[in-house]
Amino acid sequence: MKININNLKLTILVTGGAGFIGSAVVRHLINDTEHSVINVDKLTYAGNLESLKTVNDSARYTFEQVDICDAAEIKRVLNQHQPDIIMHLAAESHVDRSIDGPGEFIQTNIVGTFTLLEQARAYWLQLDGDKKANFRFHHISTDEVYGDLPHPDEVDNLQFYDLPLFTENTAYAPSSPYSASKAGSDHLVRAWQRTYGLPTLVTNCSNNYGPYHFPEKLIPLVILNALEGKSLPVYGKGNQIRDWLYVEDHARALVLVATQGVVGQTYNIGGHNEKQNIEVVQTICKILDDVKPKSKSYAEQITYVKDRPGHDMRYAIDACKIQKELGWTPQETFESGIRKTVQWYLDNQAWCKHVQDGSYQRERLGS
Ligand code: NAD
């Protein structure tokens with residue numbers, strides 16, 4: 001049975017709500033709907049309460065600093081707040097960190113998801129009536145679980161538009177400890193649906209970009225390094241292709257799937273914005289040359305560095321299913337989204353400083 005989002009005021013528990021995408025989901029839920037949010041976040045280096053400053057005072061927003069691997073605390077939070085939906089975003093998410101230290105990725109992404117599933121199942125089993133029938137567990141995942149796709153440079157006689165895309169039926173072939181740990185968590189979620197009947201949904205999304213992105217990922221790193229006069233590191237030849245989606249478009253898609261998606265289904269989410277990494281870096285340099293010009297072009301700061309081991313060459317999502325079945329389409333083009341993003345980083349230097357040194361967090365938590 002579908003939940004009619006327009007008639008209900010739901011309680012939605014969001015894990016990882018202080019992260020990049022999670023905070024966009026929380027801001028969207030508080031600003032654009034009447035639902036209430038319980039944000040469950042451990043506050044690792046990637047979680048920042050300053051990203052939620054604009055919703056912090058809402059009576060519909062509650063923060064719980066909890067590790068998803070802590071079964072007793074998850075049980076307490078579920079029983080105390082009685083959520084209608086769980087949207088599970090908490091994860092270790094940076095591929096380079098997963099190569100340097102995979103242990104945390106196995107712990108949070110696999111053991112943490114297992115712990116959350118078990119506690120969600122126990123909570124769901126003791127619900128009754130509509131509350132039980134309408135309960136949803138929405139697992140948020142990545143297109144990186146599918147491995148990589150043929151790159152136009154490697155395929156003879158193929159036009160760009162002939163190249164394959166990831167669909168919901170593409171076989172899993174993860175390449176990095178990060179994507180393998182996310183693949184493991186996706187399998188657990190589907191098994192909990194099949195074996196125990198837990199009403200789950202899975203989404204797999206392409207690369208996100210936009211405001212409040214921790215400055216270790218390509219786009220914010222390039223913007224901030226450019227502004228500080230530092231080098232702009234590009235892996236290998238910079239020809240790896242990613243399919244970019246503006247984070248607020250992803251947040252809208254996620255809330256739509258969580259509230260309107262069909263139980264047991266997977267939805268791929270993507271922006272149809274395939275770009276080589278070098279094109280992305282050059283675009284950022286051009287926008288900066290335009291809005292914050294200096295004597296030389298920012299592009300002169302680009303440097304090519306040794307490629308990442310196991311680096312996937314191309315990701316691209318077929319997002320037809322979510323468009324056709326749920327009516328979602330992205331509102332931003334890459335050109336409009338990247339311009340907004342560059343401007344946001346120019347206007348929010350204080351956020352960047354605070355997340356890098358953790359000062360806002362310490363102030364909020366009184367330590
Ligand atoms: P992020 O690294 O910015 O945020 C992760 C959040 O999870 C942080 O707030 C962190 O404090 C929290 N967290 C980490 N471990 C935790 C634990 N053990 N218990 C509770 N909270 C914990 O990540 P993101 O980029 O916002 O990604 C969110 C989700 O979306 C992830 O599951 C990721 O795999 C997926 N995803 C990301 C992208 C992308 O481009 N960033 C694309 C597709 C899917």
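Counting starts at 1 for both ligands and their atoms, following the listed order.
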> Hey, are Ser206 and Asp143 close enough side-chain-wise for a donor-acceptor pair under 3.5 Å?
Replying inline: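 There is no such pair between these side chains.
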> With no hydrogens and no angle check, do the side chains of Asp153 and Asn239 hold a donor and an acceptor under 3.5 Å apart?
Replying inline: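 Per modelled atom types, Asp153 and Asn239 side chains form a pair under 3.5 Å.
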> Counting heavy atoms only, which of Ser23, Ser51, Ser93 comes nearest to atom 1 (P) of ligand 1?
Replying inline: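 Looking at heavy atoms only, the winner is Ser93.
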> Among Ala91, Gly210, Ala18, Gly16, which one has a heavy atom closest to atom 5 (C) of ligand 1?
Replying inline: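 The residue whose heavy atom sits nearest atom 5 (C) of ligand 1 is Ala91.
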>> Tell me whether the rings of Phe135 and Tyr123 are parallel (<30°), tilted (30 to 60°) or perpendicular (>60°).
In response: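 Rings of Phe135 and Tyr123: perpendicular, over 60°.
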> Between Phe166 and Tyr315, how do the two ring planes meet: parallel, tilted or perpendicular, split at 30° and 60°?
Replying inline: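 Because their plane-to-plane angle lies in the 30° to 60° range, the rings of Phe166 and Tyr315 count as tilted.
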Once you restrict to heavy atoms under 4.0 Å, what part of [X] touches ligand 1? Side chain, backbone, both or neither.
X      : value
Thr44  : both
Thr15  : neither
Ser206 : backbone
Lys182 : side chain
Asn109 : neither

Side chain or backbone, does [X] bring an N or O within less than 3.5 Å of an N or O on ligand 1?
X      : value
His213 : no
Leu89  : yes
Glu92  : no
Ser141 : no

> For ligand 1, is Tyr45 a contact, meaning one of its heavy atoms is under 4.0 Å away?
Replying inline: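 For ligand 1, residue contact (heavy atoms, under 4.0 Å) with Tyr45 is absent.
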>> Tell me whether the NZ or CZ atom of Arg97 lies within the 45° cone about the ring axis of Tyr45 and under 6.0 Å from its centre.
In response: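 Cation-pi check for Arg97 and Tyr45: passes.
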> So is Lys294 actually on top of Tyr298's ring, under 6.0 Å and inside 45° of the axis?
Replying inline: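 Yes, Lys294 and Tyr298 form such a contact.
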> What residue and heavy atom of the protein are closest to atom 41 (N) of ligand 1, and at what distance?
Replying inline: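 It is Ile21 CD1, 3.7 Å.
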> Tell me: protein heavy atom nearest atom 34 (O) of ligand 1, and distance?
Replying inline: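 The protein heavy atom lying closest is Tyr178 OH, 2.7 Å.
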> Among pairs that include at least one residue of residues 66-111, which meet ring pair (Phe, Tyr, Trp, His ring centres under 6.0 Å), considering only residues two or more places apart or in two chains?
Replying inline: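 As it turns out, the ring pair (Phe, Tyr, Trp, His ring centres under 6.0 Å) pairs with a partner in residues 66-111, which skip direct neighbours, are His88-His139.
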> By ring pair (Phe, Tyr, Trp, His ring centres under 6.0 Å), which residues pair with Tyr304, not counting sequence neighbours?
Replying inline: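 Scan of Tyr304 (ring pair (Phe, Tyr, Trp, His ring centres under 6.0 Å), adjacent residues dropped) gives none.
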